[in-house]
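The structure appears right after this line, and notes come after that.
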Amino acid sequence: MFTILEKQIMSDVTKSIVVEAPRIARKARAGQFVIVLMHEKSERIPLTIADYDREAGTLTMIFQELGKSTMEMGTMEVGDSFNAIVGPLGHPTEIKNFGKVICVGGGVGIAPVYPIARALKEAGNHVVSIIGAKTKELLLWENKMRAVSDELIVTTDDGSCGRKGLVTVPLKEVLESRPGQISKIWAIGPAVMMKFIAATTKPFNVETIVSLNTIMVDGTGMCGGCRVLTEDGARFVCVDGPEFDAHKIDWNNLLSRISFYRSEEQAVALSWREAHKCGLDKAA
């Protein structure tokens with residue numbers, strides 16, 4: 001159980017793994033997430049489900065090696081097993097025929113937006129997808145997104161693939177060129193990206209849903225670490241989310257909370273990298 005069946009190195013810092021998890025795969029739906037535990041003493045890591053195969057009984061998860069735990073997870077190979085994977089957690093995305101919708105994915109956020117776009121397309125929606133990354137090397141799943149989209153717009157910060165610039169620019173253009181036609185928008189990516197997407201879409205009065213990835217410990221609403229402030233009061237990402245109305249979130253508070261332990265996280269990551277430098281160089 002929870003054995004890694006496939007592993008793909010997508011960039012210097014991005015990995016994709018396919019894990020055996022038949023019971024979770026049977027219940028998984030777009031928008032949900034899992035919490036993984038590599039071994040008994042490791043950190044609990046929340047990861048949005050990038051894809052699932054009910055018949056094969058597998059989950060696909062994509063992650064970036066940004067901290068000690070994700071760097072350690074990046075050393076796991078095919079045949080290795082997770083101590084535990086809990087899920088599916090969180091409320092799934094509301095899927096129905098809304099009409100014309102937009103799905104925006106930034107960086108590694110392209111992966112979790114993929115099953116949402118796929119489900120919306122299967123429900124009969126006209127799906128406009130906008131995906132972006134810093135560089136071409138960090139752009140994920142362009143072909144997979146194209147296959148589930150009626151229209152696909154690609155951007156990169158440096159112009160190495162698609163249009164040069166941020167995803168907010170073509171998003172605004174689509175909204176301006178189709179007044180009143182877009183029924184709903186989903187956006188997943190770095191918190192600061194989602195903050196500016198919310199600011200971009202609010203003047204057009206189009207409902208915008210974001211999926212939050214906050215500090216999280218237990219995933220059951222008990223620890224309060226994933227608390228987010230909204231116009232409707234405090235909410236917990238693990239049990240009330242992970243999707244929220246982007247126009248109701250206190251973005252400044254959220255950005256402050258997710259960076260609270262940044263210096264400690266960087267110190268631990270540096271210490272672990274130095275201790276495992278030879279092994280990491282060999283794996284690279």
Side-chain angles (χ1 to χ4, degrees), residues 1-21 24 33-50 58-87 89 106-112 133-140 157 189-193 212-220 222-226 237-238 242 254-284:
M1 190 70 76
F2 309 132
T3 301
I4 297 176
L5 304 177
E6 299 176 28
K7 178 181 179 181
Q8 181 182 359
I9 299 175
M10 308 187 78
S11 75
D12 290 344
V13 295
T14 310
K15 303 289 196 319
S16 169
I17 54 174
V18 177
V19 180
E20 179 186 17
I24 299 175
F33 68 98
V34 294
I35 289 181
V36 304
L37 191 71
M38 288 177 284
H39 50 78
E40 291 183 354
K41 295 184 179 180
S42 69
E43 180 184 13
R44 296 161 61 90
I45 308 171
L47 293 173
T48 309
I49 298 171
T58 60
L59 298 177
T60 300
M61 296 177 287
I62 294 180
F63 60 95
Q64 285 188 327
E65 298 175 358
L66 299 177
K68 178 261 181 184
S69 294
T70 47
M71 287 192 294
E72 183 179 0
M73 188 168 14
T75 66
M76 298 179 72
E77 300 293 346
V78 172
D80 292 339
S81 297
F82 286 87
N83 180 272
I85 300 181
V86 179
L89 300 172
V108 74
I110 298 169
K134 289 184 178 180
T135 67
K136 180 180 179 179
E137 289 71 29
L138 295 174
L139 192 71
L140 308 178
D157 291 3
V192 68
M193 182 204 87
L212 303 182
N213 184 12
T214 55
I215 295 171
M216 193 179 295
V217 181
D218 65 282
T220 63
M222 296 179 65
C223 74
C226 65
V237 172
C238 62
L254 175 66
L255 289 168
S256 176
R257 286 182 61 83
I258 63 177
S259 63
F260 192 79
Y261 298 106
R262 184 158 296 166
S263 59
E264 290 86 353
E265 291 168 348
Q266 290 173 343
V268 172
L270 179 61
S271 176
W272 189 89
R273 180 178 288 277
E274 288 299 319
H276 297 79
K277 188 173 183 180
C278 292
L280 291 172
D281 289 343
K282 184 178 179 180

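Around NZ of Lys7, the count of heavy atoms belonging to other residues, nucleotides or ligands within 6.0 Å exceeds 12.
Two residues are said to be in side-chain contact when any heavy atoms from C-beta on lie closer than 4.5 Å; Met73 and Leu47 meet this criterion. Side-chain contact check for Asn213 versus Pro46: some heavy-atom pair is nearer than 4.5 Å. Looking at heavy atoms from C-beta onward, Arg257 lies out of side-chain contact with Thr214 at the 4.5 angstrom threshold. Put simply, the side chain of Ile45 reaches to within 4.5 Å of the side chain of Met38, judged on heavy atoms. Side-chain contact between Leu66 and Val13: absent, with no pair of heavy atoms (C-beta onward) separated by less than 4.5 Å. The side-chain heavy atoms of Phe2 and Leu37, taken from C-beta on, include no pair separated by under 4.5 Å. Counting heavy atoms from C-beta on, the side chains of Arg44 and Met216 never come closer than 4.5 Å. Side chains of Val34 and Phe82 form no contact here, defined as non-hydrogen atoms less than 4.5 Å apart.
When the side chain to side chain contact (heavy atoms under 4.5 Å, CB included) test is applied to Val86, the partners found at least two apart in sequence or on another chain are Leu89. In this structure Ser42 satisfies the side-chain hydrogen bond (donor to acceptor under 3.5 Å, both in side chains) test with no other residue, sequence neighbours excluded. Checked against side chain to side chain contact (heavy atoms under 4.5 Å, CB included), Met222 has the following partners two or more places apart in sequence or in another chain: Asp218, Thr220. Applying the side-chain hydrogen bond (donor to acceptor under 3.5 Å, both in side chains) criterion to Ser69, with sequence neighbours excluded, gives Glu43. Taking Glu72 as the reference, His39, Lys68 meet the side-chain hydrogen bond (donor to acceptor under 3.5 Å, both in side chains) condition, with sequence neighbours excluded. Lys134 is linked by a side-chain hydrogen bond (donor to acceptor under 3.5 Å, both in side chains) to nothing, counting only residues two or more places apart in sequence or in another chain.
Minimum interatomic distance between Met193 and Gly106 (heavy atoms only, all atoms of both residues): SD-CA, 3.6 Å. Scanning all heavy atoms of the two residues, the minimum distance from Cys238 to Cys226 falls at N-SG, 3.4 Å. The two residues Val108 and Leu140 have their closest heavy-atom pair at CA-CD1, 3.6 Å. The shortest heavy-atom contact between Thr48 and Phe33 is CA-CB, 3.7 Å. Minimum interatomic distance between Val237 and Leu212 (heavy atoms only, all atoms of both residues): CG1-O, 3.5 Å.
For the side-chain contact (heavy atoms from CB on, under 4.5 Å) with Leu59, the lone residue among Leu5, Val18, Ile17, Ile24 that qualifies is Ile24. Checked options Glu77, Glu65, Glu6; the residue passing with Lys15 is Glu65 (criterion: salt bridge (charged side-chain N to carboxylate O under 4.0 Å, His left out)).
The distance from atom OG1 of Thr58 to atom CD1 of Ile4, rounded to the nearest 0.5 Å, is 13.0 Å. Between the OG1 atom of Thr75 and the CG atom of Asp80 there is a distance of 7.5 Å, given to the nearest 0.5 Å.
Proximity of a side-chain donor or acceptor of Ser11 to a complementary backbone N or O of Glu137 within less than 3.5 Å is not detected.
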